[in-house]
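I have placed the structure first, in the form of structure tokens, so that the comments after it can refer back to it.
Hydrogens, waters and symmetry mates are skipped; everything else that's a heavy atom, side chains included, is used.
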Amino acid sequence: MNESHSGSPAESAETAPVFLSGGGEMGALMRAHDWAASSLGVPSGWPQALRTVVSLMLNSKFPMFCAWGTDQTFLYNDPYIDVLGGKHPAALGGKFHEVWSEIWADLQPLSDRALGGEATYWEKLPLLMVRNGYEEQTWFTFSYSPVRDDQGVIAGVYCACVEVTGQVLAERYRDEENKRLVTLFEQAPGIIAVVRGPEHVFEITNKSYIELIGRSDLVGKTAREALPEVEGQGFFELLDNVYQSGTPFVGHAVPLDVAREPGAPLERRYLDFVYQPIRDPAGDVVGIFVEGSDVTVRKQVEDELRAANRQKDQFLAMLAHELRNPLAPITTAAQLLKMGTLDAKAVRNASEIIARQAEHMTDLVNDLLDVSRVTRGLVTLEKEELDVNAIVASALEQVRPLIETRRHALTMQLSGEPVHVLGDRTRLVQVLSNILNNAAKYTPNGGQITLRVTASDDRVVVTVSDNGVGIEPDVLPYIFELFTQAERTPDRSQGGLGIGLALVKSLVALHGGSVDARSEAPGKGSEFEICLPRLDAEAPLPATGGGEVSAARAQPLRVIVVDDNQDAAQMLATLLAVQGHAVSVEYDGRGALLRARIERPHVMLLDIGLPDTDGYALARQLRAIPELRGLTLIALTGYGQEADRRLAEEAGFDHHLVKPADLAQVSAILASVQRSTA
């Protein structure tokens, strides 16, 4: 037998009490331990309550420890070895607060409560342990219970515990993954939703789905409750079928009519989507996963492309028909002339047929060439100051034979005074005659055509209305587009290629104006309105024999163009020089000031952004020079907001033009200056 530290003999393993039998590694260590040196003394003298607790621990597969006595001597079992880590086996017989010194601040209150007679239970308590030479975050679920000695006095603390660190970390990882999935779900560009049960109750929806439907109060409602306006469109029936059959459904560009705001009218959207059944572990369908995309824009583009392609095909077929029509009489007349058996009258008649049909073909080709040149920006307008009333008279002269042939009643409502625009006489007559010609052709014989000219301070409006066949509502928005034409009679008696209105729109736009069409309904007639910028409506016209003044024949002006973009400055200067003006170019503010003092120009066009100053400061400097008191200043800038216009006005500019400069506007301003200096 070994001697104890106090000199008392220690118990041998062979003589150890029965309660220490078995117990695996810890049972062996307890039997071999020199307990005589501890406050507990030899095991044979341990109180029965401690013997019972130790026997329970040694024969349990659950991690347990007991802290007994005034020193709270630490006893534990085999499953608790993993909890201790590197603290084993030195922890056996040690003091509780020393064994777990790094977490004693967390454990002491719990131990004190147990020693005070209160049992406690903690779930997933975080503890920062040092058990393998480094700090590690752990979590434990455990209970502390008081243990009484043989006299009923609380003498120790008993703990049954389990480490749940792996479980907590797994849960945290799962939560983070769920949050990440929710974020991806919310940010997904496509529509996503999950509905549960046979009634299709919304469980989750993402942002895109809510934006599509136009409401957010979907979760917890059945599909039929949440979207009553969708009833009868087939979607609920599809959900029912997918839920009952377990077969997915895939839809492409399916129309959905939905009210995206409370009380709003139904709005048509087009969807690509999938209804995918969700199954439980037993394989039964318990819900439906909805995923898709709003393809409304794509569908509209595809429809427009298909429509444009159809219009192109129709146009080409129409063109072929219109070109073949005159070819037939030309070919026949040519063959008759080739035979050489015709008398003089027949030869003259055949020649007239060839000339007339060739002229018709020439008109068709010219129309095509006009459209091509205008749409490619190759048309050059020869602008001059024109009275719109004179343009109307010239257009009527061309169309009057057709109006009279069809016995239409023509009502004229002119302005009663000269109203001037800056434009190309030939092109404006072409525009008006085209509109009048359409009114005459598409109004039944004996119809009514009204032509009005009205003017305000800054614009002139020419309106042509009729009581003819009108325009179909689905055609009206596209009436000015190339390759667009309303339905024609089977015999194609109206003739033409249907490109005239596209040409009208382009030519009016080149004059800085706009054109619009209105029609109440088929059979209710139509109205076309041409709006053009008015040229100095309040300025008196110089007296001439014809009542009009050509800007090109007026006294040329001295003009300075100031722009640091050399190409832009030179091109604008060239255009103004072609109109007969004396034009100089400067690329900075300093040079512009110097040249203005020398040349004393009538007009200066200033870019706002210059390398050495800004156009506003330059304008103020120019306004301070007495010799330039009559100078007209034009701001030429890429800044076109209302605030920019106010800045230009405050700096002393007379006009504010947005780049690229509209030559018609520039010419109109110069013409006004010419009249004022005449």
Side-chain angles (χ1 to χ4, degrees), residues 383-471 476-477 479-480 486 500-539 541 546-548 664 668:
K383 290 187 177 180
E384 57 182 323
E385 188 173 326
L386 303 170
D387 183 356
V388 172
N389 295 302
I391 299 298
V392 169
S394 297
L396 278 173
E397 184 179 346
Q398 292 188 13
V399 183
R400 190 175 297 278
L402 177 60
I403 293 175
E404 292 176 349
T405 298
R406 305 197 64 153
R407 302 188 306 282
H408 294 316
L410 175 64
T411 302
M412 300 280 289
Q413 299 175 4
L414 300 182
S415 62
E417 61 176 349
V419 282
H420 293 83
V421 298
L422 188 68
D424 184 308
R425 177 187 297 275
T426 302
R427 293 302 187 180
L428 288 180
V429 170
Q430 182 181 7
V431 165
L432 283 173
S433 62
N434 192 303
I435 297 293
L436 286 167
N437 191 65
N438 280 349
K441 285 196 301 183
Y442 294 106
T443 299
N445 291 348
Q448 176 69 45
I449 298 174
T450 301
L451 188 150
R452 296 188 301 275
V453 178
T454 57
S456 62
D457 289 343
D458 59 352
R459 66 176 188 164
V460 181
V461 178
V462 180
T463 305
V464 177
S465 57
D466 62 63
N467 61 347
V469 298
I471 305 170
L476 190 58
I479 197 71
F480 294 104
L501 291 179
L503 185 59
V504 164
K505 180 181 179 181
S506 298
L507 290 174
V508 171
L510 287 176
H511 283 80
S514 62
V515 61
D516 191 23
R518 291 180 288 273
S519 180
E520 291 184 11
K524 296 288 187 178
S526 59
E527 181 177 88
F528 286 81
E529 181 181 275
I530 300 167
C531 181
L532 296 170
R534 186 173 184 178
L535 183 58
D536 289 322
E538 297 180 356
L541 293 176
E548 297 180 3

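If you take CD on Gln448 and NE2 on His408, they are separated by 10.0 Å, rounding to the nearest 0.5 Å. Summarising the geometry, atom CG belonging to Leu428 is positioned 10.5 Å from atom CG belonging to Leu510; distances are rounded to the nearest 0.5 Å. Annotation: the span from Ile449 atom CD1 to Ile403 atom CD1 amounts to 4.5 Å, rounded to 0.5 Å. Rounding to the nearest 0.5 Å gives a distance of 5.0 Å between CG of Leu501 and CG of Asn438.
Val461 has its side chain out of reach of Val453: every pair of non-hydrogen atoms, C-beta onward, lies at least 4.5 Å apart. Residues Thr463 and Phe528 fail the side-chain proximity criterion, which asks for heavy atoms closer than 4.5 Å. Residues Glu384 and Leu386 form a side-chain contact, since some pair of their non-hydrogen atoms from C-beta on lies under 4.5 Å apart.
Scanning both residues, His511 and Arg427, for their nearest heavy atoms gives CE1-CB, 4.1 Å. In plain terms, the two heavy atoms of Leu451 and Leu414 that are nearest each other are CD2-CD2, 4.3 Å. Here the closest heavy-atom approach between residue Ile471 and residue Ser519 is recorded as N-OG, 3.0 Å. Listed here is the closest heavy atom pair of Ile479 and Ala517: CG2-CB, 4.1 Å. When all heavy atoms of Arg406 and Pro444 are compared, the pair lying nearest together is NH2-CA, 4.4 Å.
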Working for side-chain contact (heavy atoms from CB on, under 4.5 Å), residues Ser465 and Arg452: CA-CA 9 Å; Ser465 57; Arg452 296 188 301 275; 3.9 Å; yes
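Every residue two or more places apart in sequence or in another chain that forms a side chain to side chain contact (heavy atoms under 4.5 Å, CB included) with Pro522 is listed here: Glu472, Pro473. Contacts of Gln413 classified as side-chain hydrogen bond (donor to acceptor under 3.5 Å, both in side chains), with partners at least two apart in sequence or in another chain: none. The side-chain hydrogen bond (donor to acceptor under 3.5 Å, both in side chains) test applied to Ser526 returns Asp466, not counting sequence neighbours. Residues satisfying the salt bridge (charged side-chain N to carboxylate O under 4.0 Å, His left out) test with Arg518, not counting sequence neighbours, are Asp516, Glu527, Glu529. Residues that satisfy the side-chain hydrogen bond (donor to acceptor under 3.5 Å, both in side chains) test with Asn389, not counting sequence neighbours, are Asp387, Ser415.
Considering Ile530, Leu532, Asp424 as possible partners of Val431, the one that fulfils the side chain to side chain contact (heavy atoms under 4.5 Å, CB included) test is Ile530. Only one option out of Asp458, Val419, Val388 pairs with Arg534 in a side chain to side chain contact (heavy atoms under 4.5 Å, CB included); it is Val419.
The local environment of CZ in Arg459 is sparse, with at most 12 non-hydrogen atoms from other residues, nucleotides or ligands closer than 6.0 Å.
Within the 3.5 Å criterion, the main-chain N or O of Gln430 finds a donor-acceptor partner in the side chain of Ser433.
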Name every donor-acceptor pair, under 3.5 Å, that has one atom in a side chain of residues 391-400 and the other anywhere in the protein, sequence neighbours excluded.
unit_1	atom_1	unit_2	atom_2	d
Ser394	OG	Ala390	O	3.2

